[in-house]
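Every chain is numbered from 1, with letters handed out A, B, ... down the list of sequences.
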Number of protein chains: 2
Amino acid sequence: MKKSKDTTTESEILNAAKRIFQRKGMSGARMQEIADEAGINKALLHYYFRSKQLLFEAVFKSLFFMLAPELNKVLNDDSNLFDKIKSFTANYISFVIKHPFLPNFIIQELNRNPEFVTTLITNEYFPNISTFKNQVKEEIAQGIIKPIKPEQLFINVLALNVFPFIASPLLEGLLAINDKDFNKLMEERTTQVADFIINAIKI
Amino acid sequence: MKKSKDTTTESEILNAAKRIFQRKGMSGARMQEIADEAGINKALLHYYFRSKQLLFEAVFKSLFFMLAPELNKVLNDDSNLFDKIKSFTANYISFVIKHPFLPNFIIQELNRNPEFVTTLITNEYFPNISTFKNQVKEEIAQGIIKPIKPEQLFINVLALNVFPFIASPLLEGLLAINDKDFNKLMEERTTQVADFIINAIKI
DNA sequence: ACATTTGTTAACCAAATGGTTAAACTAAAT
DNA sequence: ATTTAGTTTAACCATTTGGTTAACAAATGT
């Protein structure tokens, strides 16, 4: 009784689980809810994934390696540093619009279980920072940008792009604005964040 | 049988609940665990706080209004903008060292229940951005800093300071460093983040 | 055709969990 | 000394929850 369609039962479950886990986290998600979301019996979840923990891990890894290529855009693109920062900043927002809960989910679950990151590191698609490091050092040596540790610059790029979406409910409260105005601010950032960073480091 | 000591049973429960909720979140925390942490019977939790939800709300509000004064340091300090950014950046790290789980907890629970922020806004100690807005506009008019929306600058200051601690497990993985080296990076940031921001906006 | 493997479900189970109850205990007021 | 009001506990309860079982259905191989 193979479904053999492009939506197998297993991937249907995984997608349903992704949706639920992203919103509710490991401890907030319920197996019954995931089964309902997938439109199947709860026992089938255990047939395909044995336990909640294993289903969660499958979801987590799959979602992390959806985010990884986005990070690689800052790390392993062959353009110069400024262009790289510009394109990352411009692209990140469209990724978040498609997957609004994903970055927060990754960060939240890594805080709950920090050791989990060691599992990810061994994967060949895990983002590697060494090219970025060399590039920053190179451009510092060439007098294009001010001296800064590549790690600090990387953290800053990530912070300025990722944080606003993770903290959106808080920011909407602090700035006393609604969703619509917040989204406008985020659109402005597609260019402004890159300018901000470039201004901070260029000589 | 009033305890009338500086540690009443009620505050003892609240403190235990703060510790547990911060680490595990609303859905991950267990009433029994909180009772154990407080060294009392589980029924006492319900005697003092009626339900998990009400206990959680008490904890959340209390923790939020521990964070609020930190934010007000960027918003309602009477020094000039550059000094304000410097002192906030320098102070924030020492706050996070005392309360490493607090900012992440606030952001996570506001994501889980974004409407909750409306409850906070009415409170008199809720951070207000209007002074900061005027100050930024003023310093732009005086030609001290480049034109930038106060909201964007505020988001950037917050992002650069708050994000690294929230994303620490992820960053340690991406940068391939351990806790010790990560903390070194964070110490460097006490001055570097302010310089980064000031370089980005000064004329 | 038929046996075997794979996929799916309803019903069930044990443990965990939030919450309740009734009784016991304590300190102060009468 | 007795009452009274607040505090604390052990035992209990109903529901939820992750997980299992056994039977059934659909493919698949021979």
Side-chain angles (χ1 to χ4, degrees), chain A residues 1-63 105 108-109 112-113 116 119, chain B residues 1-63 105 108-109 112-113 116 119:
Chain A
M1 190 220 169
K2 282 270 166 62
K3 280 206 177 171
S4 69
K5 297 292 182 70
D6 45 15
T7 56
T8 65
T9 301
E10 184 169 351
S11 71
E12 201 61 49
I13 291 174
L14 198 64
N15 286 329
K18 281 182 188 173
R19 291 191 290 273
I20 301 297
F21 274 129
Q22 275 187 90
R23 273 166 238 220
K24 311 245 174 143
M26 168 66 171
S27 53
R30 299 286 162 254
M31 293 298 267
Q32 185 59 58
E33 197 181 1
I34 294 170
D36 293 347
E37 176 84 12
I40 47 100
N41 188 287
K42 184 164 64 89
L44 255 197
L45 299 183
H46 292 93
Y47 177 78
Y48 280 103
F49 292 92
R50 289 188 59 88
S51 71
K52 187 186 183 184
Q53 178 64 26
L54 288 174
L55 175 57
F56 171 80
E57 285 172 21
V59 164
F60 184 88
K61 277 180 193 161
S62 173
L63 289 176
F105 169 77
Q108 182 54 26
E109 295 300 329
R112 202 177 52 86
N113 182 13
F116 206 81
T119 322
Chain B
M1 189 223 164
K2 284 271 167 62
K3 277 205 178 174
S4 68
K5 298 291 182 70
D6 44 16
T7 56
T8 65
T9 302
E10 184 170 347
S11 72
E12 201 62 48
I13 291 174
L14 198 63
N15 285 329
K18 280 182 189 173
R19 292 191 289 274
I20 301 296
F21 274 130
Q22 275 187 89
R23 273 166 239 219
K24 311 245 176 143
M26 169 64 172
S27 53
R30 298 287 162 252
M31 293 298 268
Q32 186 59 58
E33 195 180 4
I34 294 170
D36 293 347
E37 176 85 10
I40 48 100
N41 189 286
K42 183 164 65 90
L44 255 197
L45 299 182
H46 291 94
Y47 175 77
Y48 281 104
F49 293 91
R50 289 190 60 88
S51 70
K52 187 184 184 185
Q53 178 64 26
L54 288 173
L55 175 56
F56 171 79
E57 284 172 21
V59 164
F60 184 88
K61 276 178 193 162
S62 173
L63 289 176
F105 169 76
Q108 181 54 27
E109 295 300 329
R112 201 177 51 86
N113 182 13
F116 207 79
T119 322

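Note: CG (L44(B)) to P (dG6(D)) measures 15 Å, nearest angstrom. I40(B) has its CD1 atom 14 Å from the C1' atom of dA10(D), to the nearest Å. Atom C1' of nucleotide dC13(C) and atom CE of M31(A) are separated by 16 Å, given to the nearest angstrom. For N41(A) and dG7(C), the CG to P distance is 15 Å, given to the nearest whole Å. For Q32(A) and dT17(C), the CD to P distance is 19 Å, given to the nearest whole Å. Look at NZ on K52(B): it is 8 Å from P on dG19(C), rounded to the nearest Å. The CZ atom of F49(B) sits 14 Å away from the C1' atom of dT7(D) (whole-angstrom rounding). Here dT16(D) presents its C1' atom at 14 Å from NZ of K24(A), a figure rounded to the nearest Å.
Residue A35(B) is out of contact with every strand shown, counting any heavy-atom pair closer than 4.0 Å. As judged by a 4.0 angstrom heavy-atom cut-off over every strand, Y48(B) is placed among residues touching the sugar-phosphate backbone only.
Remark: side-chain polar atoms of S62(B) are not paired, donor with acceptor, to backbone N or O of V59(B) under 3.5 angstrom. Of the possible donor and acceptor atoms, none in the side chain of K42(A) sits under 3.5 Å from a partner among the backbone N and O of E33(A).
The line from CZ of R30(A) to OG of S27(B) is 7.0 Å long, rounded to the nearest 0.5 Å.
Proximity of T9(A) to the phosphate of dT8(C): a side-chain N or O atom is located under 4.0 Å from OP1 or OP2. In this structure, R30(A) reaches the dG18(D) phosphate: one of its side-chain N or O atoms is under 4.0 Å from OP1 or OP2.
Along DNA chain D, the nucleotide nearest G39(B) and the nucleotide nearest K42(B) are compared for position; the residue whose nucleotide lies closer to the 5' end is G39(B). Each of Y47(A) and A43(A) was matched to the nucleotide of DNA chain C holding its nearest heavy atom; the match closer to the 5' end belongs to Y47(A).
For the residue pair E109(B) / N113(B), no side-chain donor-acceptor distance below 3.5 Å is found, with atom types taken as modelled.
By the 30° and 60° cut-offs, the orientation of the rings of F21(B) relative to F56(B) is perpendicular.
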